[in-house]
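First comes the structure, then the notes that go with it.
Labels below follow one simple rule: chain letters A, B, ... track the order of the sequence lines, proteins then strands, and each chain is numbered from 1.
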Amino acid sequence: MTRVRFAPSPTGYLHIGGARTFIFNWLYARHQGGVMVLRIDDTDVERNTQTSLDSIYEGLRWLELGWDELYRQSDRLDLHRQAAWAIFEKGLAYRDFMPSSPAIENPSGGWLFHPGMRELSREESDRRANAGEPFVLRFRVPRESRAEIVVSDRVYGTVTKATADLEDFALLRSTGMPTYHMASCADDADLRITDILRGQEHLANTFKHVLIFEALNVPVPNTAHLPLLMAPDGAKLSKRIHGPVVSVTTYRDAGFLPHAFVNFLSLLGWSPKNDREKMSREELVELFSLEGINRSNATINFTDEDPFDPKAVWLNAEHLRALDLDELARRLMPYVQQAGFTNATPEKLRAIVPLIHERIRLLRDIGSVADFFFSAELRPYDPAELIPQKGDAAMAARVLRKAKEVLAAVPGFDHGTLDSALRAAADELKLKAGQMFQPIRVAVCGRKNAPPLFETLEVLGRDTVLTRLDLALGLI
RNA sequence: GGCGCUAUCGUCUAACGGUUAGGACGGAGCCCUCUCAAGGCUUAAAUAGGGGUUCGAUUCCCCUUAGCGCUACCA
């Protein structure tokens, strides 16, 4: 049974890199018919915050993907410590009593270990520990018995590292708290994780993890490291320097559809290799495979002016158009409220939705695209907008008066009736349809760019239309 | 500094060692059209550089360069 895990540490809000890792794990689990574990890696008590924990749950819930099992490392510290001491008992780890500050430089470059500490006899080590001297428990990297560690990554292939280049990493801190490496491996083993999909920044850590798994005498899970998500400035995506543009909640608030967002992120570092772009959740599950994951980092294309990658926006628009109108109306309601149109009813919104569903790219666009449907009064507009192409104020006035007359008298206020009545009126005035429609559109919508006229009039209703026509006449 | 990974249009990506190097977003243009969208068509735009191997390299190997990662009692 395939078991995967997503293991965020609650030291900041959920950002898109984390979301992408979660998505890949989820897709893999579902594709395999396996289990998705969410594990909160909160062993860094100094940096953990409740706020970021909440943000992680909030972000993940918004994705509408879900998980099957939930664990918190802070509930499992005994397990981690037991595992660490088991390694110590096997002689594969040792106590390091050197204070952390003066790091000893190795001539070859990196730090390897504190001289003398590896060789301490068990008796000496026990004696000093019993005397209360603080220590860090370190893994004894087998530099003499083994030349290199080999990792067979499902994405990066065979990667090797000389043991001579691997430092004696810590398992337990002087506080007794497990380090990330210790806690992560002990949990992966205990939770029977079969496949680890995580960011490429962990590829180099995997050598240490192989050593821990072997010392624990458990099978090494398969690993598949994912290329990193980069910012346009070339830096790794960071909450600290790139700010809220990388927060999942920013996308939610702007009105991305969760499945569109998932679709977008799935295409960063992975390809179905058949030119498919827009894919439903089900299609992604069906198509997802480790073979489609590539090895080079992907840059998210955002700028200071526009925080969203144009492709993400396009994909969102595509999913929006594919959405059933009732569901779109339902998803739109919070954004209508957010835009301040508190008088909006579900019925009214539902009537408007067909007119805007091909015209919005983000759900929050409803606020700017459909404002004139909701507001009693139009925002002030330039009366010059009322003047049609190749026309003048007098023509605008004629059009508006004629429109008033026709629309007041028309037997029904539906698309077909309005269409023929207004086209007939245009003929009468010897005007092109466009010249006839523009003044009306501006009078009624307050701007030139708006949904098709007849549908708009129909939704607005005769009273509102007539009132706005009068107002416009007053402006000329 | 040491070690590891990576390198195809601006961005995301495709291409058993043999293609006019394909698709998508974005850009430009045209069409459709009551405006805006949507849609249709057309178009510009890439194999980092240098060596090999091969009849033939985007593809395999080496070097250079660049980027990223790891090098903590952070994860």
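Using a 4.0 Å heavy-atom criterion, one finds that Lys273(A) contacts the sugar-phosphate atoms exclusively. At a threshold of 4.0 angstrom between heavy atoms, the contacts of Leu267(A) are confined to the sugar-phosphate backbone, with no base atom among them. Base contact: Glu277(A) has a heavy atom under 4.0 Å from a base atom. Thr43(A) comes within contact range of the sugar-phosphate backbone alone, with a heavy-atom separation under 4.0 Å but no base atom that close. Note on Glu358(A): a base of the nucleic acid sits closer than 4.0 angstrom, heavy atoms only. Counting non-hydrogen atoms under 4.0 angstrom, Thr160(A) reaches the backbone sugars and phosphates but no base. Base contact: Pro451(A) has a heavy atom under 4.0 Å from a base atom. Using a 4.0 Å heavy-atom cutoff across all strands shown, Ser174(A) reaches at least one base atom of the nucleic acid. Among the protein residues, Met230(A) comes within range of the sugar-phosphate backbone only, with heavy atoms under 4.0 Å from sugar or phosphate atoms but none that close to a base. Base contact: Phe454(A) has a heavy atom under 4.0 Å from a base atom. The residue Ala170(A) sits close only to the backbone: its heavy atoms come under 4.0 Å of sugar-phosphate atoms, none of a base. As judged by a 4.0 angstrom heavy-atom cut-off over every strand, Pro452(A) is placed among the base-contacting residues.
When the P atom of rU6(B) is taken as reference, atom OH of Tyr156(A) falls 7 Å away, rounded to whole Å.
Centroid-to-centroid, the aromatic rings of Phe264(A) and Tyr251(A) stay 6.0 Å apart or farther.
Looking at heavy atoms from C-beta onward, Ser266(A) lies in side-chain contact with Leu27(A) at the 4.5 angstrom threshold.
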Problem - Check against salt bridge (charged side-chain N to carboxylate O under 4.0 Å, His left out), Arg76(A) and Asp190(A) - result: CA-CA 10 Å; Arg76(A) 305 163 58 82; Asp190(A) 185 67; 2.7 Å; yes
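Rounded to the nearest Å, the gap between the P atom of rA24(B) and that of rG40(B) is 10 Å.
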